[in-house]
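One structure is given here, and the rest of the page talks about it.
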Amino acid sequence: MSASLRHGGVRRNLCARRARPGPPNESEYGLLALMISKIEVIDVACIGCGTCWVACPQAFKEHDIGDDLKALPTGGLGDQHIMRAAAEGCPTLAISLIDEAGVVLFPSEEARAALSASSDW
């Protein structure tokens, strides 16, 4: 039996409840998603994997340095969630997401310390 017949013959867009107009609120997506205002890339940490510029070309671009590729911020900002995903996908945590007050929102100092400790041989 189709969804429209089970609900009294009224055809409904079952996804309509998920689509909310306007920006996401804090309870849905977390405070971080609303606060990113600047991106920095630590050049020496970047390995040029390309995850960030493929995921969010509005915020990241590839920079060719001889035989190496590095990520550079474009100066613009993309979708907040995509920028967050791009930063989280960076294998070296070279991408920092910063709020208007200059506070680093991602990655945490603990995450950078853990990555550094795991790569020290």
Side-chain angles (χ1 to χ4, degrees):
M1 180 181 298
S2 74
S4 62
L5 292 177
R6 279 184 288 191
H7 296 286
V10 177
R11 181 172 289 280
R12 298 178 188 197
N13 180 355
L14 299 178
C15 296
R17 288 183 284 152
R18 294 182 195 155
R20 293 181 178 96
N25 65 43
E26 294 175 20
S27 64
E28 290 178 55
Y29 299 103
L31 188 58
L32 177 65
L34 300 174
M35 297 174 32
I36 302 167
S37 64
K38 183 179 175 185
I39 298 171
E40 291 180 354
V41 177
I42 301 170
D43 188 49
V44 295
C46 178
I47 61 172
C49 71
T51 302
C52 60
W53 66 74
V54 170
C56 191
Q58 300 86 3
F60 303 96
K61 63 182 175 181
E62 60 183 308
H63 180 64
D64 191 2
I65 304 173
D67 293 335
D68 290 335
L69 289 176
K70 299 282 184 173
L72 285 177
T74 63
L77 297 174
D79 178 87
Q80 299 283 301
H81 302 294
I82 295 173
M83 288 187 302
R84 170 71 186 227
E88 289 176 349
C90 179
T92 61
L93 299 178
I95 300 169
S96 296
L97 304 176
I98 303 168
D99 73 2
E100 293 172 353
V103 175
V104 176
L105 302 170
F106 182 86
S108 67
E109 288 300 319
E110 294 83 18
R112 281 210 170 123
L115 180 65
S116 178
S118 70
S119 62
D120 287 343
W121 297 26

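Along the sequence shown, residues carry numbers from 1.
Other residues, nucleotides and ligands contribute over 12 non-hydrogen atoms within 6.0 Å of the NZ atom of Lys70.
The distance from the OG1 atom of Thr74 to the CH2 atom of Trp53 is 13.5 Å, given to the nearest 0.5 Å. Distance NZ/Lys38 to CG/Asp99: 11.0 Å, rounded to 0.5 Å. To the nearest 0.5 Å, atoms CG (Asp67) and CD1 (Ile65) are separated by 11.0 Å. Here the CD1-CG distance, from Ile47 to Asp68, works out to 10.5 Å after rounding to the nearest 0.5 Å. Rounded to the nearest 0.5 Å, atoms CD1 (Ile95) and CD (Glu40) are 12.0 Å apart.
Within the 3.5 Å criterion, the main-chain N or O of Ala45 finds a donor-acceptor partner in the side chain of Thr92. Of the possible donor and acceptor atoms, none in the side chain of Arg112 sits under 3.5 Å from a partner among the backbone N and O of Pro107.
When every heavy atom of Lys61 is checked against every heavy atom of Pro73, the shortest pair comes out as CE-O, 4.1 Å. Nearest approach of Ile39 to Phe60, heavy atoms of both residues: CG2-CE2, 3.5 Å. Closest of all the heavy-atom pairs between Ile36 and Met83 is CG2-CE, 3.7 Å. Cys46 approaches Val41 most closely through the heavy-atom pair CB-CG1, 4.3 Å. Shortest non-hydrogen contact noted between Ala71 and Cys52 is CB-SG, 3.5 Å. In terms of heavy-atom proximity, Met35 sits nearest to Gln80 at N-OE1, 3.9 Å.
Linking Ile, Leu, Val, Met, Phe, Trp and Tyr whenever their side-chain heavy atoms come within less than 4.5 Å leaves Ile82 and Val54 in two separate clusters. Hydrophobic clustering (side-chain heavy atoms under 4.5 Å, transitive across Ile, Leu, Val, Met, Phe, Trp, Tyr) groups Leu93 together with Leu105. Under a hydrophobic clustering in which Ile, Leu, Val, Met, Phe, Trp and Tyr are joined whenever their side-chain heavy atoms come within less than 4.5 Å, directly or via other members, Leu69 and Ile42 fall into different clusters.
Contact annotation: the side chain of Leu115 approaches that of Ser118 to within less than 4.5 Å [non-hydrogen atoms, C-beta and beyond].
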